[in-house]
Protein chains: 2
Amino acid sequence: MQASDKADSLRRLEIDHVARIALGATLLGAGGGGDPYISLLAARQIYADGDRAADLIPLAELDDEAQVICVAGFGAPTVEKERLFELPHLLHGMRTLEQHLGRKADALIAAEMGGFNALVPIMAAAACGLPVIDGDGMGRAFPELQMTSFSLHGISASPFVMTDEHRDTVLCRSNDNGKGERLARAICMGMGLFCFLAAYPMTGREAKRVAIADTVTLAHALGGAIESARSGKSSIEALMGGIRESAQGIEVARLFDGKVVDVWRSTERGFVIGWLDLAPLNGAGQKVRIEFRNEYLACTLDGKPRALTPDLICLVDSETAEPIPTPDVRYGQRVTALGLSCDPVFRTGSALQVVGPQAFGMDYAYRPLEELGRA
Amino acid sequence: MQASDKADSLRRLEIDHVARIALGATLLGAGGGGDPYISLLAARQIYADGDRAADLIPLAELDDEAQVICVAGFGAPTVEKERLFELPHLLHGMRTLEQHLGRKADALIAAEMGGFNALVPIMAAAACGLPVIDGDGMGRAFPELQMTSFSLHGISASPFVMTDEHRDTVLCRSNDNGKGERLARAICMGMGLFCFLAAYPMTGREAKRVAIADTVTLAHALGGAIESARSGKSSIEALMGGIRESAQGIEVARLFDGKVVDVWRSTERGFVIGWLDLAPLNGAGQKVRIEFRNEYLACTLDGKPRALTPDLICLVDSETAEPIPTPDVRYGQRVTALGLSCDPVFRTGSALQVVGPQAFGMDYAYRPLEELGRA
């Protein structure tokens, strides 16, 4: 998914841009990535405290020898909502990683352009006077550390540092990003299900090769599309038009309109896992189930897959077009499920082993959103 | 518990000494600390490979400015039995901690003088040409990182390093040893329930203040007592006499003789937890239950406490006086339960909060073995 050319003039992220990015990233979060409202509040504070703003640097302009570090929140979105975001704890982790590398960061990048984590590097960059890269490792949100374009292209998440509000720090080095995820998840549980992560140290040259480009600009454009959609009528139509305008070559499908008739949700193993059922507003017709682990991962209509991870399944309020994260779905909500095609990097056979339905323990064989729509 | 003077001539640990220490440490392990047979096999290999032996240094002779490091295996004893002990992985963790400290170890010390972990620093010391300290942090075995005399006297377990057979490393720094334990346990689960630990970096001055002295010598003497006991008749009487001879001021109580009539055991949360029931050989009379989490923690006779952690509850074979670790208890075994009084450091009010019955979620109020015997 690429931001359209007309949106590419964003170079300095003022707080209004950040608010729009937060909104767009909630959509791209596909239900996960944490609540961007919390990080938006934190960003307002950080911006206000120091008359700050972060510079956005396109991947192409990054120096080949630059030290790039990825910063993020890590854990269960349900718990992240209950913890206050405190920048010093995040920066403490980043500094610890810098010390270990023997080198300061020259630019920060997001692990995922979904939810909370879209804003984390912007806040850290604004606070440290560093540029933030216009790109990320997912172009959406995924729940696990190895589910990044960085990892799919062979970049190690290690060494990585995890920190919490007690200033406890864990520096981890694993030869395998899947094992790194298991360790990070365990540490995150030991830290109370949410913590900060500084990971994937890489060079500018590597970032250009492995990151998904222009996704901050894309989130900003999508935020604008939601803002426009919610103020008018036919907000879903308007949102879909806005998405198509914002992102080049993206497939957008209206999967279902209905009400939430059941939700099961559990915070366990460091994730929020569960499912929700939708039924038509008039009660008759197709039954829809959406399964999630931090993010919405599979949408079935009468038991048949209609959209599957790594494609994005987004739930939005049918009236306001406002995206609804997995921790916030509730019985009775009137919602529209949208499907958005994912970045092509995730559709290869080897990528699907990491981010496809079976990687999440689901039996469905992946087929692209476009194909499933024609079935 | 202090080793008697007559045993204090041990200065260089040859393989025969190590074998005797392994045996004595199985008794002191109070059911836990891992299987010393495995580490004894490993020790034989290490000794044979390099014509090596470790020098034993009394606490009192340690240089005040010496860098002391504690090395151990960490995890569930049930799993440790299934993993091969490979010294390079342990040393890799020790080297990582040394690098982080910017200082090489001058002497190694055991976290616990129970089971497997009594031998781990001896093997590492023999391999590196370092002395091993005649002392440890428990004078027995306990399952958790904060349950050491080191911790009770204010020494931080951090920074500590955990390593596994994939050469993955985690360096952890926590301000609180209880939190450090939670993190270490989580990491250990991420590493497959068993890993190596290099922890509790301290100075020689600190070690003299906080370690329990002469416990390697004690384990050696107890091993000798078991060897003598198993070759004669009345082996339990002989063992009890040997324990009293080996350790000054220790209380030894014969809690019960009987057969194992039920065992429940589960490897979960990074521990082996469970209980066993004993009944008299003739089937009639008192019922005994012993609860464990890695170690035997509580022994009740007809529901009334007879011995409680931190006092040692040891299960030995009624015929051979051979100690039986918690993973090895089986239905039908004829066993004798012994109670040994713990080091006085663990009997203070603040220590009991960390190692008393309630620290393990049990409702019993601690009373010393001697008092419970008079009740």
Side-chain angles (χ1 to χ4, degrees), chain A residues 74-76 79 88-89 92-102 144-146 151 156-199 201 268-271, chain B residues 74-76 79 88-89 92-102 144-146 151 156-199 201 268-271:
Chain A
F74 189 90
V79 175
H89 308 313
H92 174 60
M94 192 178 107
R95 296 305 180 211
T96 304
L97 182 56
E98 287 178 335
Q99 273 168 28
H100 181 74
L101 297 170
E144 300 189 9
L145 190 57
Q146 77 282 17
S151 183
S156 175
S158 296
F160 62 84
V161 173
M162 305 182 83
T163 48
D164 66 13
E165 71 276 23
H166 302 289
R167 295 183 77 79
D168 290 338
T169 56
V170 177
L171 187 145
C172 191
R173 182 183 283 276
S174 178
N175 300 311
D176 175 87
N177 287 344
K179 168 84 171 290
E181 156 67 27
R182 287 205 303 281
L183 289 171
R185 192 66 49 181
I187 293 159
C188 152
M189 289 192 273
M191 287 180 161
L193 287 180
F194 185 74
C195 56
F196 291 111
L197 177 71
E268 50 188 78
R269 291 173 289 134
F271 302 103
Chain B
F74 189 90
V79 175
H89 307 313
H92 175 59
M94 192 178 108
R95 297 304 180 211
T96 303
L97 182 56
E98 287 177 335
Q99 272 168 29
H100 181 73
L101 297 171
E144 299 188 10
L145 190 58
Q146 78 281 17
S151 183
S156 176
S158 296
F160 63 83
V161 173
M162 307 182 82
T163 47
D164 66 13
E165 71 275 22
H166 302 289
R167 294 184 78 80
D168 290 338
T169 56
V170 177
L171 186 144
C172 191
R173 182 184 284 276
S174 179
N175 301 309
D176 174 86
N177 287 345
K179 168 84 170 289
E181 157 66 27
R182 285 205 305 281
L183 289 172
R185 192 66 48 180
I187 294 159
C188 153
M189 288 192 274
M191 287 179 162
L193 288 180
F194 185 74
C195 57
F196 291 111
L197 178 71
E268 50 188 78
R269 290 175 289 132
F271 301 104

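From a predicted model like this one, the values you see are computed outputs, not experimental measurements. Order of the sequence lines sets the chain letters (A, B, ...), proteins ahead of strands, with each chain counted from 1. We use all heavy atoms of the structure for the numbers below, so side chains are in, but hydrogens, waters and symmetry mates are not.
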Pull out the residues in residues 177-185 of chain A that come under 4.5 Å of chain B, heavy atom to heavy atom, sorted by number.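 Checking residues 177-185 of chain A against chain B gives Lys179(A), Arg182(A), Leu183(A).
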Can any side-chain N or O of Asp168(A) pair as donor or acceptor with the backbone N or O of Asn175(B) at less than 3.5 Å?
yes
If one checks every heavy atom of Met191(A) against chain B at 4.5 Å, the contacting part turns out to be both
Exercise. Could you tell me which of Met162(B), His166(B), His100(B), Met189(B) has the largest number of non-hydrogen atom pairs under 4.5 Å with chain A?
Key: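 With the most close heavy-atom pairs to chain A, the winner is His166(B).
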